[in-house]
Amino acid sequence: MARIFISHSGRDNEAAERIITWLKGRGFDTAFLDFDKDSGIPPGADWERTLYREIEQSEAVIIIQTPNWLASKWCFVEFTQARALGKAIFPIIETPTGDTLISPDIQALNLLSDREGGLEQLARQLTRIALDAQGGFAWDAGRPPYPGLLAFQEEDAAIYFGRDDDIRRLIERLNARRAQGGAQLVALLGSSGSGKSSLLRAGVIPRLKRAGRTWIVVPPMRPQVHPVDELARALAVGSGADWRKLQSDLLGANVARVLDGIAGDLRTKAAANEAQILIPIDQAEELFGAADPEQSAHFLEILSQAMSSELPFMAVMALRSDYLGRLQSATQLTARFEEFSLGPMPVARIPQIIQGPARVAGLRIEDAFVQQAARDAETDDALPLLAFALRELLDRSGDHYLSLDNYKALGDEKAGLTPLENAVRKAADDVLAQARPTDDELSALREAFVPAMVRVNDQGEYVRRPARLDDLPAKAHPLLERLAKARLLIVRQGTDARMVEVAHEALLRKWPLLRSWLDNAREFLVGKQQLEQDLRDWEQAAEADKSGALLSGLKLNRARGWLAERPQQLTPQERAYIQASVQSAEAEELRKARLRRNITRGSIAAAAVLACAAAYAGLEGFKARRAQEKTVQAQARTADELIRYSWIDLGAKQQEVVRLTDVAKKLGRKPEELLPDIICGSQDCMVTKKQQPGDFDCKTWLKSGFRYLYCSIRSVISFDKVQAISGLNIFLPGGPHDNKELDFNDPTRFGHYNPEFLDWVENRIVPDRTDAWFKGVTQLVYDAQIGPMARALYHSHEILFASPERYQAFEARYQAVKQDYLQKLKLRQTNESRFEDGGGPYAVADIQARYQKRIADKAKDAGGDLGEDVRWLSDYLATDKGDDWYLANTAGGFWVRRAIDGTEPQIFRLVTKLLQTFEPKVVSQP
């Protein structure tokens, strides 16, 4: 559709009206005629400015050439303006004007001699202009020019703007692989909201379909729950096969032959025997989350065979960047693949995204609005939020004029939210405000989202997943339908049921009510996903192994709670699995109770049958040893589970810190204003005595050091909790620490670690990280909390316990670093005082001797003096290694104490093991 300006004299309104009527009859609905009641100049408007704006926004200008037009200076001004802007100009002669030409290089259409022929020629030219403006693609004016949170489709190619370079690069990549060979699978990678689906569907696919007989493109597919079924449907559309039979054949023994047959059918139907066949796969991350795991495995195996050089298939797989690791580690995918990265939409292209579709659809846009929207687009989720705001703006503008004032109305100035940031929240809140749901209906909506429509991915982010509408609470259905009508959800017909899902994951991040529901249920979401995996393992286990696949320990305790508190959020299969696990655990308890009773009875009977005591004792001893072995194994499993959940809890706390820090940044506030003070439990804490709940005194005012680290994790993994999990005392008797908590008040005594406890820690300090999601959680905790401590401990140990040769080399390095730093201090290139006391470095034996003497003398500040003895070490490590000064200072004193209690080798092994797992480059550096 081209936007057309009709230039005419006010005395020729009748002729102008005939032309606009003809234009609308030929589908050109966006013609501008100044006196038209729908699209003309409204009363009170500045008519001159309006005319200039309409000429500027038009693609073609029709001049109704009459003597009246030739005599009007204003009509000639319109012509010169259009000419200066390079517009296509079509003079049409409605009444005789003699031999007068508007311009000698512009051919007029004489409707007097052949009206029908002239109008047909005009229609062809206008259609060509419209197609050029739309990238050569036709556009259905019944479709919205802005699709909101939904992806652009193939039918939207004419209004898809802003990604020309990326479209070209990806098509060139595909053409190169078709011609030269190489990887037949291309992974189109981008973050959530980068526009991968739109690029594939509205950018690449329609252009490849115009490439003649070079390409055959099957309909794009999404894995959803049953990816093999979806693949069969996509291939069947093009080949004409029955998709159910095709699905069965693809799961059969000779997949390569089936694929070869499909390729032949597709080529024959397209009359293109040499064409490459492209399989577009959208939202491929569903293979690693929403999809049935068994079907996902089969799908990847089938895809691998399809990508064989012996077959004419290629595939583009749109995949969120954070799932690349899952794709790389998928053992079922044996085909090579190349990566194609799609970056965020450059801010400079935002005007194209707004103005391009408007030009095609014939909308009028205020320049100030475009400029403001481009500035606002410098934010997270900019592309989907802009798309949604544009659709909302379009729906609210009855005159098809997108203005700055209407745009601003979508924002929330009081909350400091731009229209882009607020549009999704406003739309969702408006739905609820209009529906006025009861508490029961709102609870039902929460249960619909959690957990059926949302899951937590490997990076700990909330992601959508489709759900069967019939499986969701019936009371939530009216609200779900309203949210779908507001284009925040998608309700579609699946294979055997209606499906519902979030239109875009931006909703999960930008709607505060939904986000609060998800945050409150985060532990349940994570645990529910683990329950789903455990259930699959149990269902697939051999009959003899099923009892071993039941829930036990902490997992069983949590599942019991869900069964009592959230039965409606569990599937019938999950409830049956939990009940089977409960019954098995109760049966085991009954068996143990009977065993204890038998032992008691046997003990009484032993007095009467003393002669059999020895044999009986031998048998019961054997049983007791077996029972003890099982108990030890069970305790070990429980300990591992508790440690795992402690990591998860620490990860959740750290993710909250990241989120609040980001919020503070957006609000222009300091992060500490929003973050809770982890070493202060009340507002009236003194500066030098910051406490936690329970009156535990952290004995520090620093936001660094070992004491601060302990207090930061104490709410999750406290002293008494560690002892309860391990069943061992952390410290040997005789020190300042009791069995419940650390004591930082004793100036002359320190705790001596229990070597047996350290052995237990060494076996469990590195958790099982084969689970990619858990690996991400542990890495987050390590990077934020444990890593700085581990590095400081490792670096300080390398110096204090170095061999004579290495220590000599260190001394030379130390002097060079010291002199360089003192020179910078002198030149005022730094202002932090280091190396100025002149002391050090000292041998660890000398430091240890001085410290032990102070302890013997009961010096009041033995610990503080120890810190001064290793100040040189922290000065050096903070300067040369970048370690935190206070952590390095504490680490030096820590190693001196470990040299005294004899646990230095054990703990250094622990530190090295941690670093080798989480940060191996530290250990590998000299």
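In what follows, residues are counted from 1 in the order of the sequence shown. Scope of the values below: all heavy atoms of this structure, side chains included, with no hydrogens, waters or symmetry mates.
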Any side-chain heavy-atom pair from Val500 and Met453 closer than 4.5 angstrom? yes
Note: Pro219 and Pro280 closest approach over all heavy atoms is O-CD, 4.1 Å
Between Leu432 and Leu442, is there a side-chain heavy-atom distance shorter than 4.5 Å? yes
Test item: side-chain donor near acceptor, Arg244 and Gln247, under 3.5 Å: no
Taking the inter-plane angle between the rings of Trp562 and Phe524 on a 0 to 90° scale, is it parallel (under 30°), tilted (30 to 60°) or perpendicular (over 60°)? perpendicular
**Report entry** Non-hydrogen side-chain atoms of Leu246 and Val258 separated by less than 4.5 Å
**Finding:** yes
Worksheet item: If only atom types and distance count, is the side chain of Gln916 paired as donor or acceptor with the main-chain N or O of Val923 below 3.5 Å?
Response: no
Arg320 bridged to Glu461 by N-O distance under 4.0 Å = yes
dist Gln305:CD -> Leu311:CG (nearest 0.5 Å) comes out at 8.5 Å
* With a 4.5 Å limit on heavy-atom distance, are the side chains of Val502 and Tyr462 in contact? -> no
Next on the checklist: Could you tell me if the side chain of Pro478 sits less than 4.5 Å from the side chain of Glu441, heavy atoms only?
Outcome noted: no
CG of Leu563 to CD of Gln579, rounded to nearest 0.5 Å, is 5.5 Å
(Q) Taking Arg492 first and then Glu501, would you say they form a salt bridge - that is, a charged N and a carboxylate O separated by under 4.0 Å? (A) yes
Note: Ala444 and Pro473 closest approach over all heavy atoms is O-CG, 3.7 Å
query = So does Arg336 have more than 12 non-hydrogen atoms from other groups sitting under 6.0 Å from CZ?
reply = no
d(Gln779 CD, Thr917 OG1) to nearest 0.5 Å is 9.5 Å
Given the options Arg566, Gln568, Gln569, Glu447 meets side chain to side chain donor-acceptor pair (under 3.5 Å) only with Gln568
**Message:** Pairing donors with acceptors under 3.5 angstrom, does anything connect the side chains of Gln530 and Arg558?
**Reply:** no
Task: Neighbour count above 12 (heavy atom, 6.0 Å) for Gln540 CD - done: yes
Practice prompt. Please determine if Glu230 and Arg233 form a salt bridge, counting it only when a charged side-chain N lies under 4.0 Å from a carboxylate O.
Written response: yes
(Q) I'd like to know if Lys528 and Glu574 make a salt bridge, using a cut-off of under 4.0 Å between side-chain N and carboxylate O. (A) yes
Heavy-atom closest pair (Ser581 atom, Leu556 atom, distance to 0.1 Å) is CB-CD1, 3.7 Å
Between the CG atom in Leu235 and the CD1 atom in Ile279, the distance rounded to the nearest 0.5 Å is 5.5 Å
Electrostatic pair Arg465-Glu532, nearest N-O below 4.0 angstrom:
yes
Give the C-alpha distance, both sets of side-chain angles, the deciding distance and a yes or no for side-chain contact (heavy atoms from CB on, under 4.5 Å) between Ser192 and Arg509. CA-CA 11 Å; Ser192 174; Arg509 298 186 280 269; 3.1 Å; yes
Practice problem: With the side chain counted from C-beta on, respond yes when Asn457 and Phe288 share a heavy-atom pair under 4.5 Å apart, and no when they do not. | Solution: no
Between Phe337 and the options Val186, Leu327, Leu319, the side-chain contact (heavy atoms from CB on, under 4.5 Å) test singles out Leu327
Minimal heavy-atom distance between Arg464 and Ala503, with the atoms involved, is NH1-O, 2.7 Å
Verdict with supporting geometry, Leu185 and Leu333, side-chain contact (heavy atoms from CB on, under 4.5 Å)
CA-CA 11 Å; Leu185 173 62; Leu333 183 66; 4.2 Å; yes
Just do the side-chain contact (heavy atoms from CB on, under 4.5 Å) check on Arg468 and Met499 with the steps written out, would you? CA-CA 5 Å; Arg468 289 167 57 98; Met499 307 295 290; 3.7 Å; yes
Original post:
Less than 4.5 Å apart, any side-chain heavy atom of Phe299 and any of Met221?
Top reply: yes
Q: Please lay out, stage by stage, how Asp537 and Gln533 fare under the test side-chain contact (heavy atoms from CB on, under 4.5 Å).
A: CA-CA 6 Å; Asp537 293 342; Gln533 182 60 54; 2.9 Å; yes
ask   = If only atom types and distance count, is the side chain of Ser584 paired as donor or acceptor with the main-chain N or O of Ala580 below 3.5 Å?
value = no
Tell me if a side-chain donor or acceptor on Lys196 pairs with a main-chain N or O of Leu342 at a distance below 3.5 Å.
no
Any side-chain heavy atom of Trp243 within less than 4.5 Å of one from Leu231? no
So CG of Leu472 and CG of Leu479: to nearest 0.5 Å the spacing works out to 12.0 Å
Worksheet entry | Worked verdict on Glu286 versus Arg222 for salt bridge (Lys or Arg N to Asp or Glu O under 4.0 Å) | CA-CA 8 Å; Glu286 291 179 339; Arg222 272 180 58 187; 2.4 Å; yes
**Lys475 NZ: over 12 foreign heavy atoms closer than 6.0 Å** = no
Donor-acceptor check, side chain of His504 to backbone of Leu385, threshold 3.5 angstrom: yes or no?
no
Can a donor-acceptor pair be found, under 3.5 Å and without considering hydrogens, that links the side chain of Gln295 to the backbone of Val228? yes
In this structure, CG of Leu488 is separated from CH2 of Trp511 (nearest 0.5 Å) by 7.5 Å
In short, Leu508 meets Arg515 closest at the heavy-atom pair O-CD, 3.6 Å
* Asked: If you measure from the Lys or Arg side-chain nitrogens to the Asp or Glu carboxylate oxygens, is any gap between Arg498 and Glu481 under 4.0 Å?
  -> yes
Whether the side chain of Ser194 engages the backbone of Ser191 through a donor-acceptor N/O pair (distance < 3.5 Å, no angle test) should be reported. yes
Would you call the rings of Phe449 and Trp517 parallel, tilted or perpendicular, taking 30° and 60° as the class edges? tilted
Closest heavy-atom pair, Met317 versus Ala284, reported as atoms and distance to 0.1 Å, is CG-CB, 3.1 Å
For Asp242, is there an ion pair with Lys245 - N to carboxylate O distance below 4.0 angstrom?
no
